[in-house]
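No hydrogens, no waters, no symmetry mates; every other heavy atom, side chains included, goes into these values. Throughout, residue positions are numbered sequentially from 1 according to the sequence presented.
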Amino acid sequence: PGSNATDAEFFERAKSLNLRTARLSAFGSTRRAGGDAATDAAIQAVYRTGTPVVTLVGKSSASQVRDVLETTEEENLAMIADSVRYLASNGREVVFDAEHFFDGWKRNPEYAAKTVQAAAQAGARIVVCCDTNGGTMPEDVAKYIRAAIDALAGTKTPVGIHTHNDCELAVANS
């Protein structure tokens, strides 16, 4: 939502669907650095869809935070928590998609853990660890998923996986 007119039309039409077992999810990103979820255009776009589920992508790699978002690690944690909390407190089931989780864990496991903890503590229904570059070996995926589960042990938040297939590893990793 918010990315183009076709998607906006889709979500408007989807409001009239009588779904009995499926639940539609709007996909978006955490709020912008220095902002507020309540006034952020991307957060408001996913909120306005009226979907019962919202999937938010947020950075879990410290280097991605610095080099791509061009913000601090602390601000990224605030972006995750504020975005999840806003949507969860407004009745949405939030799926947090931890982008670059596996690459982030390899370089800075403490920070990757903090990102999924921030989402869980703010009300995410599930944390999904993403192999965004699709190059993590299956034995490492298993090890890092166990570590993510351990990092979230006190929250009882389930952990999922989202694999990309850049190196033909998605099936094995799933």
Side-chain angles (χ1 to χ4, degrees), residues 23-38 40 42-44 46-47 51-69 71-164 169-170 172-174:
R23 293 183 304 144
L24 193 59
S25 179
F27 183 88
S29 61
T30 58
R31 69 159 170 84
R32 291 189 181 273
D36 174 50
D40 186 84
I43 296 294
Q44 290 307 307
V46 295
Y47 177 73
T51 60
V53 181
V54 172
T55 301
L56 287 181
V57 63
K59 302 284 189 203
S60 285
S61 164
S63 64
Q64 286 281 317
V65 170
R66 285 187 308 274
D67 301 340
V68 177
L69 295 181
T71 193
T72 66
E73 293 173 13
E74 294 76 21
E75 175 62 9
N76 183 57
L77 295 174
M79 292 160 58
I80 293 167
D82 185 32
S83 301
V84 171
R85 188 176 299 107
Y86 176 81
L87 290 164
S89 69
N90 281 287
R92 299 306 192 276
E93 180 177 323
V94 180
V95 175
F96 179 68
D97 195 65
E99 185 180 33
H100 295 284
F101 178 82
F102 296 99
D103 294 329
W105 194 277
K106 287 176 201 171
R107 293 184 184 104
N108 188 336
E110 294 82 15
Y111 186 72
K114 285 180 183 179
T115 64
V116 296
Q117 289 166 339
Q121 291 166 355
R125 167 65 181 85
I126 187 169
V127 167
V128 178
C129 300
C130 185
D131 186 21
T132 309
N133 291 325
T136 306
M137 297 303 291
E139 60 273 14
D140 289 333
V141 167
K143 180 172 58 175
Y144 301 154
I145 287 292
R146 278 189 219 98
I149 291 168
D150 290 345
L152 295 173
T155 68
K156 298 185 180 172
T157 304
V159 175
I161 184 170
H162 167 178
T163 58
H164 289 215
L169 294 167
N173 285 337
S174 294

Student: With a 3.5 Å cut-off and sequence neighbours excluded, list the donor-acceptor pairs that the side chains of residues 116-130 form with protein atoms.
Tutor:
residue, atom, partner, partner atom, Å
Gln117, NE2, Ala151, O, 3.0

Student: Rounded to the nearest 0.5 Å, what separates atom CZ in Phe102 from atom OG in Ser60?
Tutor: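 Taking CZ in Phe102 and OG in Ser60, the distance rounds to 10.0 Å.
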Student: Between Glu73 and Lys59, does any side-chain N to carboxylate O distance fall below 4.0 Å?
Tutor: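 Judged by the 4.0 Å cut-off on N to carboxylate O distance, Glu73 and Lys59 do not form a salt bridge.
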Student: Check whether any side-chain heavy atom of Ser29 sits under 4.5 Å from a side-chain heavy atom of Val57, and report yes or no.
Tutor: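 They are in contact (side-chain heavy atoms under 4.5 Å apart), so the answer is yes.
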Student: Under the side-chain contact (heavy atoms from CB on, under 4.5 Å) criterion, do Leu77 and Thr115 qualify, and how do the steps go?
Tutor: CA-CA 6 Å; Leu77 295 174; Thr115 64; 3.8 Å; yes
Student: Is there a side-chain contact between Ile43 and Leu87 (heavy atoms, below 4.5 Å)?
Tutor: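 With C-beta onward as the side chain, the pair touches.
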Student: Could you tell me which non-hydrogen atom of Pro138 sits nearest to which non-hydrogen atom of Ala172, and how far apart they are?
Tutor: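 Distance-wise, the nearest heavy atoms are CG-CB, 3.8 Å.
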Student: OG1/Thr71 to CD/Gln64 distance, rounded to the nearest 0.5 angstrom?
Tutor: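 Rounded to the nearest 0.5 Å, the OG1-CD separation comes out at 13.5 Å.
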Student: Looking only at side-chain N and O atoms, does Tyr111 offer a donor or acceptor that is under 3.5 Å from a partner on Asn76?
Tutor: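 A donor-acceptor contact under 3.5 Å links the two side chains.
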Student: Inspect the contact between Arg85 and Asp82 and indicate whether a charged nitrogen and a carboxylate oxygen are less than 4.0 angstrom apart.
Tutor: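 Looking at Arg85 together with Asp82, the answer is no, because their closest N to O distance does not fall below 4.0 Å.
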Student: Show the nearest heavy-atom pair for residues Gly34 and Arg31, with the distance to one decimal.
Tutor: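 Looks like N-NH1, 3.6 Å.
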Student: Thr155 and Leu152: which non-hydrogen atoms are nearest, and at how many Å?
Tutor: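 Of all heavy-atom pairs spanning Thr155 and Leu152, the closest is OG1-O, 2.7 Å.
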Student: If you look at every heavy atom in Leu169 and Thr136, which pair is closest and at what distance?
Tutor: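 Closest approach of Leu169 to Thr136: CD1-O, 3.3 Å.
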Student: When rounded to the nearest 0.5 angstrom, what distance separates NZ in Lys114 from CD1 in Ile80?
Tutor: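 Here the rounded value is 12.0 Å.
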Student: Side-chain contact test, heavy atoms from C-beta onward, threshold under 4.5 Å: evaluate it for Tyr86 versus Arg92 and give yes or no.
Tutor: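 No. Closest side-chain heavy atoms not under 4.5 Å.
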Student: Taking His164 for its side chain and Thr132 for its backbone only, find out whether a donor-acceptor pair lies under 3.5 Å.
Tutor: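 Side chain of His164 to backbone of Thr132: a pair is present.
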Student: Please check: side-chain N/O of Asn133 versus main-chain N/O of Gly135, any donor-acceptor pairing under 3.5 Å?
Tutor: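 Not a single qualifying donor-acceptor pair exists.
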Student: Work out which heavy atom in Ala62 is nearest to a heavy atom in Asn108; give both atom names and the distance.
Tutor: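 Heavy-atom minimum between the residues: CB-ND2, 4.0 Å.
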Student: Quick one: OH on Tyr144 to CG on Asp131, what's the gap to the nearest 0.5 Å?
Tutor: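 That separation rounds to 10.5 Å.
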Student: What distance do Trp105 atom CH2 and Ile145 atom CD1 have between them, rounded to the nearest 0.5 Å?
Tutor: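 Reported to 0.5 Å precision, the distance equals 9.5 Å.
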Student: Report yes or no: do Ser83 and Thr30 form a side-chain donor-acceptor pair below 3.5 Å?
Tutor: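 No, no side-chain donor-acceptor pair sits under 3.5 Å.
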Student: For Val65 and Thr72, run side-chain contact (heavy atoms from CB on, under 4.5 Å): C-alpha distance rounded to whole Å, both residues' side-chain angles, the deciding distance at 0.1 Å, then the answer.
Tutor: CA-CA 7 Å; Val65 170; Thr72 66; 5.9 Å; no
Student: Rounded to the nearest 0.5 Å, what's the gap from CD on Glu93 to OG1 on Thr55? Could you check?
Tutor: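 So the gap between those two atoms works out to 9.0 Å.
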